[in-house]
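I have placed the structure first, in the form of structure tokens, so that the comments after it can refer back to it.
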2 protein chains.
Amino acid sequence: MPQQSPARPAAAKRRGRPGYDQQSVLEIAVEVFNERGFEATSMGALADSLGISKSAIYHHVASKGDLLRLALDRALDGLEGVLADPGASEGPAVDRLEHVLRRTVEVMVQELPYVTLLLRLRGNTEVERDAMTRRRTFTARVTKLVRMAGAEGSMRSDIDPGTTSRLLFGTINSIVDWYRPGGAITAQKLADDLISMSFDGLRLPAAARVPRIPRVPERVGTSSGH
Amino acid sequence: MPQQSPARPAAAKRRGRPGYDQQSVLEIAVEVFNERGFEATSMGALADSLGISKSAIYHHVASKGDLLRLALDRALDGLEGVLADPGASEGPAVDRLEHVLRRTVEVMVQELPYVTLLLRLRGNTEVERDAMTRRRTFTARVTKLVRMAGAEGSMRSDIDPGTTSRLLFGTINSIVDWYRPGGAITAQKLADDLISMSFDGLRLPAAARVPRIPRVPERVGTSSGH
DNA sequence: GTCTATATTGAGATAGAC
DNA sequence: GTCTATCTCAATATAGAC
């Protein structure tokens with residue numbers, strides 16, 4: 001046990017009470033899992049981060065996989081809650097889609113470490129596979145919304161709904177790789193930016209462009225011919 | 001060794017020659033690493049997939065980390081090549097950006113397993129951290145293009161360039177999680193769809209919409225009020 | 001709720017023969 | 001280029017005291 005000062009349970013302790021409870025162990029564990037990766041985190045390293053011994057962890061959870069299960073359930077409960085929301089089933093599909101995407105961003109930010117863990121699973125254990133199944137059910141329901149919005153005529157249908165949905169989730173899921181609450185941008189603004197880019201696009205129409213002095217010859221290289 | 005028939009080196013053998021060479025070992029290794037995760041893949045499991053013994057692997061590479069290094073170098077060489085391309089430095093920034101994003105998609109598809117491995121690193125070893133540094137340099141240069149395109153007036157600047165770049169890379173990088181060459185959509189079409197969604201957006205302007213018979217009351221739920 | 005000590009398994013890697 | 005046999009260490013988990 002070489003790692004850190006072996007006495008202090010760093011942070012996130014239940015207030016006033018001595019030692020950890022399951023929730024506070026889980027909180028730290030998920031942080032460490034995300035830093036190093038779940039498989040790469042040994043119970044020993046986790047114990048060091050907690051400032052307690054390995055065996056003390058087993059007082060709170062039956063196994064390492066148990067910690068994972070608790071974390072994944074929390075992430076999935078949050079995401080599934082998004083679809084239970086009234087805004088997910090009322091109005092035109094394009095608005096329902098927008099609503100679901102916004103709420104998904106919200107939940108991701110709110111449950112960031114738990115969702116992060118969920119999104120990095122490889123399906124090596126039963127616990128992981130079960131979580132991946134629940135996650136796929138969630139995304140499948142969103143894909144259905146994309147298809148309906150296309151059929152409704154409010155969204156482009158030249159891109160396959162499956163592709164659209166995957167790209168949308170790619171954009172959304174990437175949030176866990178860089179966004180940190182308390183930073184420069186709020187969850188609300190993040191959702192706005194994401195929806196705005198995905199729905200309205202990044203390019204300004206030529207009419208709206210600010211006139212500029214070209215510093216390099218116009219159109220020397222071609223941007224799409226390859 | 002319970003896993004599979006221990007005789008046949010499945011596929012990807014150098015033609016005609018008996019046994020593996022480094023390249024063919026790497027090819028299979030990267031596949032297995034992506035399936036189960038690098039840390040979760042033991043040399044024993046890898047040996048089973050190769051159909052040879054553990055120790056035979058060490059004839060081709062000095063360590064497990066060496067396999068990772070070889071794979072990451074290949075991915076990074078490909079990506080860095082994108083920026084060496086003339087189209088990355090000629091013309092308006094918005095066109096250069098589009099060019100770089102298209103070529104990035106191409107390289108990702110071409111080197112899919114290697115790039116996949118790169119994108120899942122946690123930085124646990126020196127090899128991983130070095131690769132992450134090279135990757136960050138790449139993305140930083142693309143972020144610069146986003147900033148220039150904004151300054152040029154050809155792209156929206158209400159979204160922070162850093163955020164834009166991160167969302168763009170989120171969209172692009174997610175390709176490794178679902179796209180498989182030989183499937184329903186070509187790399188070219190994938191790049192078209194991705195650029196089209198990101199630059200022009202998914203929403204059809206109201207004018208272009210197909211008239212429809214509402215199946216649910218219009219605007220009962222609100223899509224953004226929460 | 002936590003500890004020390006330990007059982008047990010599996011990991012990465014090496015030796016040396018074929 | 002591959003094998004069997006083995007070294008060494010670190011992993012998960014348990015036993016039982018405080």
Side-chain angles (χ1 to χ4, degrees), chain A residues 1-10 12-29 32-33 36-70 124-128, chain B residues 1-10 12-29 32-33 36-70 124-128:
Chain A
M1 305 82 184
Q3 201 94 335
Q4 79 179 49
S5 60
R8 305 275 63 210
K13 271 174 65 175
R14 295 289 86 167
R15 287 186 291 179
R17 267 202 278 127
Y20 289 96
D21 61 5
Q22 195 186 60
Q23 177 54 39
S24 52
V25 166
L26 181 62
E27 218 165 289
I28 308 248
V32 182
F33 289 158
R36 309 178 172 219
F38 175 72
E39 316 257 8
T41 305
S42 69
M43 294 298 264
L46 177 53
D48 287 346
S49 293
L50 287 161
I52 59 178
S53 69
K54 279 193 291 178
S55 61
I57 300 174
Y58 290 94
H59 179 77
H60 302 285
V61 290
S63 67
K64 192 185 173 187
D66 236 51
L67 277 171
L68 185 60
R69 189 179 48 74
L70 289 167
N124 290 329
T125 63
E126 204 58 38
V127 167
E128 299 188 25
Chain B
M1 305 83 178
Q3 200 94 335
Q4 78 178 47
S5 58
R8 303 276 64 211
K13 273 173 63 174
R14 296 287 85 168
R15 287 187 291 176
R17 268 201 279 126
Y20 289 96
D21 61 6
Q22 195 187 62
Q23 177 54 40
S24 52
V25 165
L26 181 62
E27 217 165 290
I28 307 248
V32 182
F33 289 159
R36 312 160 68 129
F38 175 72
E39 316 258 8
T41 304
S42 69
M43 292 299 265
L46 177 53
D48 288 346
S49 293
L50 287 161
I52 59 178
S53 69
K54 274 197 293 179
S55 62
I57 300 175
Y58 289 94
H59 179 77
H60 302 287
V61 289
S63 67
K64 193 186 174 188
D66 237 51
L67 277 171
L68 185 60
R69 189 179 47 73
L70 289 167
N124 290 328
T125 64
E126 204 58 38
V127 167
E128 298 187 26

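Each chain gets a letter, A, B and so on, in the order the sequences are listed, and its residues count up from 1. This is a predicted model, so every value here is computed, not measured.
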Could you state the [atom1]-[atom2] distance from [X] to [N], rounded to the nearest angstrom?
X	N	atom1	atom2	answer
His60(A)	dA13(D)	NE2	C1'	16 Å
Lys54(A)	dT6(C)	NZ	C1'	10 Å
Asp48(B)	dG10(C)	CG	P	13 Å
Gln22(B)	dG1(D)	CD	C1'	14 Å
Tyr20(A)	dT2(C)	OH	C1'	12 Å
Ile52(A)	dT4(C)	CD1	C1'	14 Å
Glu39(A)	dG10(C)	CD	P	15 Å
Asp21(A)	dG1(C)	CG	C1'	11 Å

CD1 on Ile28(B) to CZ on Phe33(B), rounded to 0.5 Å: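 With rounding to 0.5 Å, CZ (Phe33(B)) is 12.0 Å from CD1 (Ile28(B)).
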Euclidean distance, Thr125(A) OG1 relative to Leu68(A) CG, rounded to 0.5 Å: 6.0 Å
So, for [X] and [Y], which heavy atoms are closest and what is the spacing to 0.1 Å?
X	Y	result
Gly37(B)	Thr41(B)	O-OG1, 2.6 Å
Glu39(A)	Ala40(B)	CD-CB, 3.3 Å
Leu50(A)	Tyr20(A)	O-OH, 2.6 Å
Arg36(A)	Asn124(B)	O-ND2, 2.7 Å

Closest approach to the side chain of [X], judged atom by atom: which nucleotide of [options] is it?
X	options	result
Met43(B)	dA13(C), dA5(D), dG1(C)	dA13(C)
Ala56(B)	dG1(D), dC3(D), dT4(C)	dC3(D)
His59(B)	dG1(D), dG12(C), dT12(D)	dG1(D)

Any Tyr58(A) side-chain nitrogen or oxygen under 4.0 Å from OP1 or OP2 of dA13(D):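 For dA13(D), OP1 or OP2 has a side-chain N or O of Tyr58(A) closer than 4.0 Å.
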Pair of N/O donor and acceptor under 3.5 Å linking dT4(D) base with Ser53(B) side chain: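 When only heavy-atom distances are counted, Ser53(B) does not reach the base of dT4(D) through any donor-acceptor pair under 3.5 Å.
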Min side-chain heavy-atom separation Leu67(A)-Phe38(A) under 4.5 Å: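 No, too far: nothing below the 4.5 Å cut-off.
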pair Leu70(B)-Gln22(B): side-chain heavy atoms closer than 4.5 Å: yes
Touch class at under 4.0 angstrom, heavy-atom based, for Ser42(B) against every strand present: sugar-phosphate
Run the side-chain donor-acceptor check on residues 55-63 of chain A: report pairs under 3.5 Å with partners two or more places apart or on a different chain.
| unit_1 | atom_1 | unit_2 | atom_2 | d |
| --- | --- | --- | --- | --- |
| Ser55(A) | OG | Ser53(A) | OG | 3.3 |
| Ser63(A) | OG | Gly65(A) | N | 3.4 |
| Ser63(A) | OG | Asp66(A) | N | 3.2 |

Degree of bending in the helix from dG1(C)-dC18(D) to dC18(C)-dG1(D) once both end axes are built from five pairs, to 10°: 10°
For DNA chain C, the residues among residues 62-70 of chain A that have a non-hydrogen atom under 4.0 Å from it: none
